[in-house]
Amino acid sequence: MIYTITPNPAIDIIVYLEGDLTHEKNNITREKYVDLGGKPTHVSAILEQLGDTANKATGFSGELNKAELVAIFDRYQMNHEFIDIAEQRTRESIIVVNNSGGSYMITERGLKVSDNDKEKMYAYVKENICPDDIAVVGKPAQGFSVGDFRYLIRLLKEQKAYVACDVASEYLNVAIEENIDFVKPNKHEINDLFPGDEPVHQKLNRICDKVPNAVCSLGSEGALYKVENTFYQAIPPKVEVKSDTGAGDAFVTGYIYGVANGYDVSDRVKWGVLCSASKVQHYSSCQINKDNFEFIENNLKIYEVR
């Protein structure tokens, strides 16, 4: 079973403008979507579209607007079991997208968890997650400290789960220090960890010394990864990009799908690229179309990096 743990999910309100956002002007919208926010929830939504891989989305949710969140889960036919936080609302994020490209995000801080809420999460992990399960963990909510995040990671490891994180800054540091199984920093996050002119693949190698499955996402330039002692870059073909929001989460989904199905590292990365390059062709943050996969796979380029 794959468990996706989202401590601070979101309801995304995505607004596409007819033009570009202009100060002191009535900006007219072209389209509007209500979608799912929160990296691990995206993983569950895309896993359902891939099929044949049991998964459950969990984490914290606000009691006051739980029905709105569940309606989005149901749209993606997700299996979900969230811990409700009384008298709070799941955060909303407003994303304004210019016609010429580029976007602006306005987001609420979201849920604030208590010690009692955290104990419920820890109890859920102990009762449900078994050896050989996969846990995909996202950035914590307010009140969930870096120390609490470290405890959650250690608890998952005690359950003998395969632990994957797509987090940044101090949480990425914790994930690396705790020698989890998979991380996917992007190029900017790696450069924040290791400032300087050293090539990115050499910086990634420092992470690979502690995390056996570390991949660096490079946006439209694909992904950088290591097999034994050699680094490779997988570059997807150029496709029509409608929205790159959630592309990294789609990559994580494909990679974790590969883990769950026993694929080797190269095939896990290939599935990551298939999912991310398909996702960018859709406005939704977690929509793919498997009909895109054949073209992407046939035009995927892989190069050795020296």
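The basis for the numbers below is simple: all heavy atoms, side chains too, and nothing from hydrogens, waters or symmetry mates.
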**Hydrophobic cluster partners of I28 (side-chain heavy atoms under 4.5 Å)** =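 The other cluster members (ILVMFWY side chains, heavy atoms under 4.5 Å, direct or chained): none.
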**Asked** In the hydrophobic clustering (ILVMFWY, side-chain contacts below 4.5 Å, transitive), which residues join I235, or is it alone?
**Response**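 Joined to I235, directly or through intermediates: Y303.
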**Prompt:** Which residue pairs pass the ring-ring contact (aromatic ring centres under 6.0 Å, His included) test when at least one of the two sits in residues 186-218, sequence neighbours left out?
**Reply:**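 Only H201-F231 qualify under ring-ring contact (aromatic ring centres under 6.0 Å, His included).
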Within [range] or reaching into it, pairs that qualify as salt bridge (Lys or Arg N to Asp or Glu O under 4.0 Å) - sequence neighbours excluded:
range	answer
residues 217-238	none
residues 91-109	R89-E92
residues 6-31	none

**Request:** Would you list the pairs meeting side chain to side chain donor-acceptor pair (under 3.5 Å) in which at least one residue belongs to residues 275-284, sequence neighbours left out?
**Result:**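 Of all non-adjacent pairs touching residues 275-284, those that pass side chain to side chain donor-acceptor pair (under 3.5 Å) are D35-S284, Y76-S284, S278-N292.
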**Residue pairs passing the side chain to side chain donor-acceptor pair (under 3.5 Å) test where at least one lies in residues 257-268, sequence neighbours excluded** =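 Passing the test, one end in residues 257-268: N213-R268.
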**Message:** Suppose we screen for side chain to side chain contact (heavy atoms under 4.5 Å, CB included). Which residues come up paired with D249, at least two apart in sequence or across chains?
**Reply:**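 Applying side chain to side chain contact (heavy atoms under 4.5 Å, CB included) to D249 gives K39, H42, D166.
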What donor-acceptor contacts under 3.5 angstrom involve side-chain atoms of residues 43-59, with partners at least two apart or in another chain?
residue, atom, partner, partner atom, Å
S44, OG, T4, OG1, 2.7
S44, OG, N55, OD1, 3.0
E48, OE2, N55, ND2, 3.0
Q49, OE1, Q287, NE2, 3.2
Q49, OE1, I288, N, 2.9
Q49, NE2, A45, O, 3.0
Q49, NE2, C286, O, 2.7
T53, OG1, G51, O, 3.4
N55, ND2, T53, O, 3.3
K56, NZ, E81, OE1, 3.1
T58, OG1, E81, O, 2.7

**Request:** Identify, with sequence neighbours excluded, every residue that meets salt bridge (Lys or Arg N to Asp or Glu O under 4.0 Å) alongside D115.
**Result:**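 Result, salt bridge (Lys or Arg N to Asp or Glu O under 4.0 Å) vs D115: K118.
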**Request:** Check side-chain hydrogen bond (donor to acceptor under 3.5 Å, both in side chains) between K139 and all other residues, then give those that pass, not counting sequence neighbours.
**Result:**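 K139 satisfies side-chain hydrogen bond (donor to acceptor under 3.5 Å, both in side chains) with no residue once adjacent residues are dropped.
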